[in-house]
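Quick note on labels: first sequence line is chain A, next is B, and so on, each numbered from 1.
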Protein chains: 2
Amino acid sequence: MSYTLHRGDALTVLKALPDECIDAVITDPPYNSGGRTSSERTSRTARAKYTSGDAAHDLANFPGENRDQRSYRSWLTELLTEAYRAATEHSVAMVFTDWRQEPTTSDALQMAGWTWTGTIPWIKPASRPRKGGFKQSSEFILWGVKGTLNKDRDLYLPGHFIASQPRKGRVHITQKPVEVMQQLVRICPEGGTVLDPFTGSGSTGVAALRERRNFVGVELSPHYADVADGRLRRELTQDDFVLAGPEA
Amino acid sequence: MSYTLHRGDALTVLKALPDECIDAVITDPPYNSGGRTSSERTSRTARAKYTSGDAAHDLANFPGENRDQRSYRSWLTELLTEAYRAATEHSVAMVFTDWRQEPTTSDALQMAGWTWTGTIPWIKPASRPRKGGFKQSSEFILWGVKGTLNKDRDLYLPGHFIASQPRKGRVHITQKPVEVMQQLVRICPEGGTVLDPFTGSGSTGVAALRERRNFVGVELSPHYADVADGRLRRELTQDDFVLAGPEA
DNA sequence: GACTCGCATGAATCACGGC
DNA sequence: CGCCGTGATTCATGCGAGT
């Protein structure tokens, strides 16, 4: 098993990848920085502001208010289009999103050419309750296929995940539990290559290596690139150690 | 506690409701999904689409599963707009959907004026596995508010549900577990009124009455209107019995 | 009665044949 | 050739029967 970690902008790096060199795309795009403004994060959503009257509204009539969402959509579409090009036939793309960006993410996924095939809830039991209503305890993983799903594989994967975010040893805000990622990377054939354009602290890569898949990652922040590189390298040497161990 | 069950078309009945007579809308519209091609979705009956060929049970078909996506959106928008008008300030609408119709449902909810506030996964553990990929084991409940959420209530509701469809005594293909519905109706203030424009076998109403909320339902199919009426009446007399019991 | 065993089922999904 | 409709297939789970 091996990994490659590119330091730089996801879109730029993806454009330089050759065609059909990837067997799965698993990623958590930064949906707070990829086009949404700070005002949208802190105040009510753009849509909410205009939906308090009692008439039905056509969302297409509010281009200004939707601009943040729309630019997120076009940016993600472009990124997923490049990923599509770099992916082999029957590849699967898995994209994390929160409930707010879920429709936009499904648009981007499909506009990029992937056939949307399902939505998998990831439930985080340790989330803050909400007074007066239902708490928001889940994220969603949208997945799509390039072409058709390979039905010859004897593979049956779960329809949901229940796992808390890692607590001890957590190095990234949105760090994913490795046990969840290990299930996800199994959608990639063994020995194939998993791409994560937003590597972050590298959990996708760690999971891929543990499940005997190769990994290609991209990370813009030098800090997290270092963190991910450290974790991935440790994973490989650990692996070597484990392999070497019994022989000693 | 009391209930009213209208027999007829949901939109027609809703248009006749007075303003601000409802405190919560909880419903599961017939969202024709289930199928790859449009014909698979629109031409087959619900029963043919959703039940196994060798199933021994004899559940009646239900109407309304013959819309394409665009007409589904405008139809649901109009319906939710009428519901919005009939709802009091701070009312909550909860709409069931599957992954395929989730973006469309969120559009309709918002276009009708509701402020989309979250998506709640309902996980059905007993669902068909899928060879070569992730199984589809959940439905989603989109919820929105008219105006703002009432934060004065000392109410903390779950962020997800895990429950199997009722198996014994089931009368409707898409019948919901009453224990789930009892959690949902709690979003309506006690003594308030819950509206379900697609009553089906009436689980929303049963849950509402059990949680001491009034219920207004609409059902087009005469068969299911009868079934729902029976269940609701039984609920009330049972309730009376329970109330009368200790006094005897 | 807790527990195992066996069997029917699923708001699915896919392949194939017909129009 | 593409769209349309029918039948076969899948296994984790829940329920009922039996120990």
Side-chain angles (χ1 to χ4, degrees), chain A residues 90 92 115-121 143-145 147-162 183 186-187, chain B residues 27-69 72 76 94-102 104-105 120-142 161-181 196 198-201 203-204 221 224:
Chain A
H90 310 298
V92 166
T115 304
W116 184 25
T117 322
T119 298
I120 302 162
W143 65 291
V145 187
T148 56
L149 198 61
N150 182 356
K151 280 193 68 187
D152 298 335
R153 297 178 65 197
D154 196 24
L155 179 74
Y156 297 91
L157 293 168
H160 72 277
F161 297 98
I162 300 181
Q183 294 279 336
R186 294 180 57 207
I187 198 69
Chain B
T27 197
D28 182 21
Y31 48 79
N32 49 284
S33 224
R36 208 168 14 127
T37 65
S38 66
S39 75
E40 239 167 31
R41 290 188 291 267
T42 56
S43 66
R44 292 168 110 180
T45 64
R47 190 185 190 286
K49 280 190 289 189
Y50 304 133
T51 58
S52 295
D54 56 348
H57 61 65
D58 189 23
L59 300 178
N61 193 23
F62 63 90
E65 281 270 324
N66 308 92
R67 269 173 259 266
D68 70 21
Q69 195 147 44
Y72 178 73
L76 187 58
M94 317 207 61
V95 185
F96 281 79
T97 180
D98 76 345
W99 63 273
R100 234 179 275 257
Q101 301 288 8
E102 199 269 357
T104 303
T105 306
I120 303 162
W122 166 33
I123 291 161
K124 296 175 283 188
S127 44
R128 285 190 182 92
R130 174 182 203 165
K131 192 171 188 193
F134 300 88
K135 73 174 175 179
Q136 182 46 59
S137 60
S138 25
E139 280 183 48
F140 302 95
I141 308 163
L142 272 65
F161 297 98
I162 300 181
S164 291
Q165 268 203 322
R167 205 177 264 220
K168 61 171 187 182
R170 193 172 67 142
V171 289
H172 195 285
I173 302 179
T174 72
Q175 191 168 333
K176 303 286 172 291
V178 173
E179 61 270 25
V180 169
M181 302 314 288
D196 182 357
F198 305 100
T199 296
S201 58
S203 301
T204 306
S221 142
Y224 283 118

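When ring centroids are compared, B/F140 and B/W122 stay outside the 6.0 Å threshold.
Applying the 4.0 Å criterion to OP1 and OP2 of D/dA12, one finds that B/K135 has every side-chain N and O outside that range. Phosphate proximity of D/dA8 to B/R128: absent, as no side-chain N or O sits under 4.0 Å from OP1 or OP2. Applying the 4.0 Å criterion to OP1 and OP2 of C/dT13, one finds that B/Q136 has every side-chain N and O outside that range. Applying the 4.0 Å criterion to OP1 and OP2 of D/dT13, one finds that B/S164 has every side-chain N and O outside that range.
As rounded to whole Å, 7 Å separates atom C1' of C/dA11 from atom CD of B/Q165. Per the geometry, NE2 belonging to B/H172 stands 14 Å off P belonging to C/dG10, to the nearest Å. Atom NZ of B/K124 and atom C1' of C/dA12 are 10 Å apart (whole Å). Rounded to an integer number of Å, the gap from NZ of B/K131 to P of C/dA15 is 11 Å. The nearest whole Å value for the distance from the CZ atom in B/R167 to the C1' atom in C/dG6 is 13 Å. Separating the CZ atom of A/R153 from the P atom of D/dT9 is a distance of 23 Å, rounded to the nearest angstrom. The interatomic distance linking B/R170 (CZ) with D/dG16 (P) rounds to 14 Å, in whole Å. Atom CD1 in B/I162 sits roughly 18 Å away from atom P in D/dA12 (whole-Å rounding).
In this structure, B/T204 and B/T27 have side chains that are not in contact, with every pair of non-hydrogen atoms separated by 4.5 Å or more. Residues B/F198 and B/P30 meet the side-chain proximity criterion, which asks for heavy atoms closer than 4.5 Å. For the pair A/P158 and B/K135, the minimum side-chain heavy-atom distance is 4.5 Å or more. The closest side-chain heavy-atom distance from A/H90 to A/L149 is not below 4.5 Å.
Annotation: of the two residues near DNA chain D, B/P166 and B/P129, the 5′-most nearest-nucleotide partner is B/P129. Across the interface with DNA chain C, nearest-nucleotide mapping of A/L149 and B/K176 shows B/K176 to be the residue nearer the 5′ end.
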Kindly indicate, with the supporting measurements, whether the criterion ring-ring contact (aromatic ring centres under 6.0 Å, His included) is fulfilled by A/W116 and B/W99. CA-CA 10 Å; A/W116 184 25; B/W99 63 273; 5.0 Å; yes
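B/E139 comes within 4.0 angstrom of a base, heavy atoms only. Counting non-hydrogen atoms under 4.0 angstrom, B/R130 reaches the backbone sugars and phosphates but no base. The residue B/S127 sits close to a base: some heavy atom pair falls under 4.0 Å.
The side chain of B/R100 lies closest to C/dT13 when the candidates are D/dT13, C/dT13, C/dA11. Distances were taken from every side-chain heavy atom of B/K168 (C-beta onward) to each of C/dT9, C/dA12, D/dG16; the shortest belongs to D/dG16. Comparing D/dT10, C/dA12, D/dG14 against the side chain of B/P125 picks out D/dG14 as the nearest.
Closest heavy-atom contact between B/K176 and B/E139: CE-OE1, 4.2 Å. Across all their heavy atoms, B/Q175 and B/Q165 have their closest contact at O-NE2, 3.3 Å.
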Which string of ( ) [ ] | and . matches DNA chain C, if you list each base 5' to 3' and count Watson-Crick or G-U pairs only when both distances are under 3.5 Å? .|||||||||.||||||||
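The P atoms of C/dA11 and C/dC7 are separated by 23 Å, rounded to the nearest whole Å.
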